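Here is the structure we will look at.
The structure displayed is predicted, hence computed values, not measured ones.
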Amino acid sequence: MAELKFKNGKLKIMHITDTHLDDDNIDMSVWLINEACKKECPDIAVITGDNVDNEDDSNKTKNHIDKLMNVFEVLNIPVAITFGNHDSERGSMTREELMEYYNSFSCSVSRAYKNLPDCATYNVPVLSSNGTKIKFNLWVFDSNDYDDEGHYGCVLPPQVEWYKEKSDEITKENGGEKVYSLAFQHMIVEDVYRALKKVNKRKLYSFAHMYNKNDFYMFDPTFKNFGTLNETPCSGFHNYGQFEAMVQKGDVLGIFSGHDHTNAFAVRLDGIDIGNSLSTRYNDDRFSSQYGYRIFEVNENDTSKYTSRVERWYKMFSFKDLKEIKTKGDDFGYKTAKSVTLKGIPQRFMTKTGRIFCHIITGRKNTYNH
């Protein structure tokens with residue numbers, strides 16, 4: 001596995017999630033992901049589950065994976081993969097078989113620890129520019145699929161213990177110096193509800209608790225909030241202390257998930273940002289024109305903080321860009337870029353109108369600056 005390093009004192013991470021690639025959306029989605037990668041030039045892409053449809057015919061599943069992974073293979077972008085609740089929910093390939101196939105690509109930096117109850121929990125160390133020490137770290141967790149009662153899954157006790165032991169090991173290897181990090185997984189941690197405001201009835205831009213339907217939650221202005229909360233945070237039912245362990249170790253700056261397709265927010269709780277990134281696919285409709293990806297940037301001179309921004313498909317292309325794509329003779333690309341741009345116009349209008357309406361009627365904000 002190739003070493004990941006800071007480049008010229010910078011590290012750029014692209015968070016891709018919930019691509020849900022199938023026969024209907026794969027070509028447009030992959031084209032957009034490819035364009036985003038060429039535009040952003042990330043040092044690593046982290047893909048956090050519900051990646052491709054797992055078909056009964058494994059060759060078809062592999063073909064979907066090929067189309068996704070070849071983007072990063074050709075552009076020489078390292079990729080860290082984990083899984084969501086749908087990756088092995090059906091179809092012929094197990095999580096272990098899927099991970100083995102993802103790892104057949106040279107761009108994959110994913111690992112599989114055999115002593116854990118999953119195959120997609122690991123860490124990716126980031127070395128200093130000169131390669132002499134671990135300067136930053138990426139935690140990648142498999143939040144599993146469902147529990148025995150059919151609720152959404154979460155990170156399990158053996159994974160939490162692995163994190164604590166690995167965190168101590170990295171600190172020791174680094175001469176006792178704490179190594180800051182970002183964490184990624186599919187399902188958001190249940191602790192997110194502690195940083196949201198609970199109300200006992202439905203209000204504009206408040207959302208029912210995932211498991212307690214009579215409790216409603218919205219942004220709490222007394223917390224540090226970022227981005228937009230558009231739907232209920234769908235966490236696992238159980239909580240085995242993953243977030244508390246991170247607070248205790250003090251090395252995680254933020255933990256980001258997918259799963260909730262339209263949420264693009266973060267809330268700061270006990271010094272850690274709990275966040276969600278958009279679905280990174282395009283279904284050739286107005287609604288999915290708002291999907292996209294998240295970018296993180298870390299400066300080697302001060303790894304105790306990071307910056308983050310969300311990029312939506314409907315903002316990706318200018319009309320000048322459309323003309324240039326057409327001039328190049330990329331007919332499929334032109335069709336895709338034109339579709340996402342034009343269908344994004346009413347979506348942008350409705351999104352902006354909704355935010356203004358919410359503020360006028362309630363005095364509350366459902367969107368905060370990143």
Within the 6.0 Å centroid threshold, strictly below: F317 and W31: yes
Hey, is the main chain of T262 close enough, under 3.5 Å, to the side chain of E231 for a donor-acceptor pair? yes
Using the ring centroid of each side chain, check whether H15 and F256 are separated by less than 6.0 Å. no
CD-OG distance between Q248 and S167, expressed to the nearest 0.5 angstrom: 9.0 Å
Going by heavy atoms in the side chains, are N51 and D87 under 4.5 Å from each other? yes
State whether the side chain of E190 and the backbone N or O of N239 hold a donor-acceptor pair below 3.5 Å, judged by distance alone. no
Centroid-to-centroid, F219 to F223, below 6.0 Å? no
Indicate, with yes or no, if the rings of Y211 and F237 have centres closer together than 6.0 Å. yes
How about H151 and Y146: are their ring centres within less than 6.0 Å of each other? no
Could you check if a side-chain atom of R286 sits within less than 4.5 angstrom of a side-chain atom of M350, using non-hydrogen atoms only? yes
Aromatic centroids of F184 and W139 separated by under 6.0 Å: no
List the residues meeting salt bridge (Lys or Arg N to Asp or Glu O under 4.0 Å) with D66, not counting sequence neighbours, and say none if there are none. none
4.5 Å side-chain heavy-atom contact, L4 and V109: no
For Y240 and H238, I'd like to know if the aromatic rings sit close, meaning centre-to-centre distance below 6.0 Å. yes
Atom CD1 in I255, atom CG in N276: separation rounded to 0.5 Å? 11.5 Å
Atom CG of residue position N76 - does it have more than 12 heavy atoms of other residues, nucleotides or ligands inside 6.0 Å? no
Among the clusters formed by ILVMFWY side chains lying less than 4.5 Å apart, do Y152 and L156 turn up in the same one? no
Determine, using ring centers only, whether Y217 and H209 are less than 6.0 Å apart. yes
